[in-house]
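Here it is, the structure, as structure tokens.
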Amino acid sequence: MADPVDYSLLDAPASHVVDTARGLLGWQLEANGVRVAITEVEAYAGVGEDPASHSHRGPTERSSVMFGPAGVLYVYFVFGMHWCMNVTAGHEGEAAAVLLRAGKVIGGVELARSRRGPVADRELARGPARLSVALGIDGSANRTSLLDGTGPARLIPAAAVPPATIRSGPRVGVAAAHDVPWRFWLDGEPSVSAYRRHTPRRRTGTPGTSDTPGTRRTS
DNA sequence: ACGCAGATAATCT
DNA sequence: GATTATCTGCGTG
């Protein structure tokens, strides 16, 4: 008989989402014929605690999955073209999630390459949107379980990595709470994405909008 | 190496 | 109508 899978890491309150995030490093994720080892994550907390979190202002149609039980996939669409994957955390009724930012492909490399194009192996799942592409995950997988095999993706526990190999720093690309060091990665892993500060977008609307002499649109 | 600009659409105010 | 938990390509050093 197969050993029971130990998901006790996920049986923690939402207030421990940082510990859950750190604990997910080294775990494996398998979906659609590709398997990765998780090398980089970010923690996101709940209502009123974390201005960078989608659940900061309470449940919405998009973020309500963060208020459900742990171990569910939260897939969201950003910037008009990219899908990002999270593992929900915390007990039912509390909001928390861990963004999966990067992985090292350890199975189905050819399939991952066919989805990602001719890039170096370390780039196959380097960055949250690239990870989703490599695993063949999009919005149709949103709200499916990562634990019971009913969805396309499955989380596979692994022994905790040595704490000394975990590094931390500010989360990538977030506008709010940009100093909170809730990004965690495995030291020296080439699959870890580069840090990028949030870059404020220039105003998108029609050009001629009144005063503010400092705002120059390009040419 | 690093910085910037553009692409492009759901979500929320 | 503003914002965005990104990526790519191109410029400069």
Side-chain angles (χ1 to χ4, degrees), chain A residues 14 17-18 20-22 24-25 38-67 72-90 95-103 112 115-120 122-135 137-143 168-185 190-210 212 214-219:
Chain A
V17 63
V18 164
T20 304
R22 290 169 56 97
L24 283 171
L25 290 172
I38 298 168
T39 58
E40 181 188 2
V41 296
E42 283 174 1
Y44 287 87
V47 181
E49 307 164 30
D50 180 8
S53 174
H54 289 167
S55 55
H56 177 229
R57 296 176 185 258
T60 64
E61 186 174 351
R62 177 175 70 167
S63 69
S64 63
V65 60
M66 288 180 67
F67 291 78
V72 173
L73 197 51
Y74 166 35
V75 185
Y76 69 90
F77 191 62
V78 273
F79 291 102
M81 57 193 101
H82 299 303
W83 297 101
C84 295
M85 305 170 64
N86 298 251
V87 179
T88 60
V98 177
L99 173 68
L100 303 178
R101 286 201 56 90
R115 294 178 177 138
R116 285 275 297 119
V119 299
R122 75 182 59 167
E123 305 266 331
L124 286 172
R126 187 175 191 248
R130 293 154 154 189
L131 174 71
S132 297
V133 170
L135 291 170
I137 292 294
D138 63 17
S140 65
N142 191 28
R143 298 173 183 267
S168 65
R171 293 171 292 185
V172 174
V174 297
H178 54 272
D179 287 333
V180 176
W182 280 7
R183 172 186 177 227
F184 304 97
W185 68 93
S191 61
V192 171
S193 64
Y195 177 69
R196 287 175 185 161
R197 191 173 119 259
H198 173 73
T199 56
R201 304 272 29 172
R202 197 155 296 289
R203 206 168 307 197
T204 56
T206 54
T209 327
S210 65
T212 56
T215 60
R216 52 171 172 157
R217 295 187 80 254
T218 37
S219 73

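Chain letters run A, B, ... following the sequence lines, proteins first, then strands; residues in each count from 1.
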Sole residue of A:Arg171, A:Arg22, A:Arg101 in salt bridge (Lys or Arg N to Asp or Glu O under 4.0 Å) with A:Glu42: A:Arg101
Atom-to-atom span, NE2 of A:His54 to P of B:dC12 - whole angstrom: 9 Å
Side-chain N,O (A:Arg196) to OP1/OP2 (B:dC4) below 4.0 Å: no
Aromatic stack A:Phe79/C:dC7: centroid gap under 5.5 Å, interplanar angle under 30°: no
Per A:Met66 side chain, nearest of listed nucleotides B:dA9, B:dC12, C:dA5: C:dA5
For atom CG of A:Leu124 and atom P of C:dC7, their distance in whole Å: 14 Å
Geometric class of the A:Trp83/A:Phe77 ring pair [parallel <30°, tilted 30-60°, perpendicular >60°]: tilted
Sugar-phosphate only, base, or nothing, as touched by A:Ala129 at under 4.0 Å among non-hydrogen atoms: sugar-phosphate
Phosphate OP1/OP2 of C:dT8 contacted by A:Arg126 side-chain N/O (<4.0 Å): no
For atom CZ of A:Arg62 and atom C1' of B:dT13, their distance in whole Å: 13 Å
Expected output: side-chain A:Asn86 to main-chain A:Thr88 donor-acceptor under 3.5 Å: no
Position toward the 5' end of DNA chain C (nearest nucleotide), A:Glu123 or A:Ala52: A:Ala52
Proximal nucleotide (of C:dC7, C:dA5, B:dT13) relative to the A:Arg57 side chain: B:dT13
Proximal nucleotide (of B:dC12, B:dA7, C:dC7) relative to the A:Met81 side chain: B:dA7
Pairing partner (Watson-Crick or G-U wobble, both distances under 3.5 angstrom) of B:dA7: C:dT6
Sugar-phosphate, base or nothing in reach of A:Arg116, heavy atoms under 4.0 Å: sugar-phosphate
A:Ile137 side chain near A:Val75 side chain, heavy-atom distance below 4.5 Å: yes
Interatomic distance, A:Arg101 CZ vs C:dC7 C1' [rounded to whole Å]: 11 Å
Touch class at under 4.0 angstrom, heavy-atom based, for A:Arg171 against every strand present: nothing
Below 4.0 Å: OP1/OP2 of C:dA5 and any side-chain N or O of A:Arg183: no
Any donor-acceptor N/O pair under 3.5 Å between B:dA10 base and A:Tyr76 side chain: no
Which nucleotide in B:dT11, B:dA9, C:dT4 has an atom nearest any side-chain atom of A:Phe77: B:dA9
Nearest-Å distance for atom pair CE/P, residues A:Met85 and C:dC7: 14 Å
Separation of atom CZ in A:Phe184 from atom C1' in C:dA5, rounded to whole Å: 15 Å
Separation of atom CH2 in A:Trp83 from atom P in B:dT8, rounded to whole Å: 17 Å
Minimum side-chain heavy-atom gap A:Ser64-A:Arg143 below 4.5 Å: yes
Between P of C:dA5 and CG of A:Leu131, the distance in whole Å: 17 Å
Side chain of A:Ala175 (C-beta onward), nearest among B:dA9, C:dT4, C:dT6: C:dT4
Spacing of A:Thr20 atom OG1 and A:Phe184 atom CZ [to the nearest 0.5 Å]: 10.5 Å
Selected nucleotide, minimal atom distance to A:His198 side chain, candidates C:dT8, C:dT4, C:dA5: C:dT4
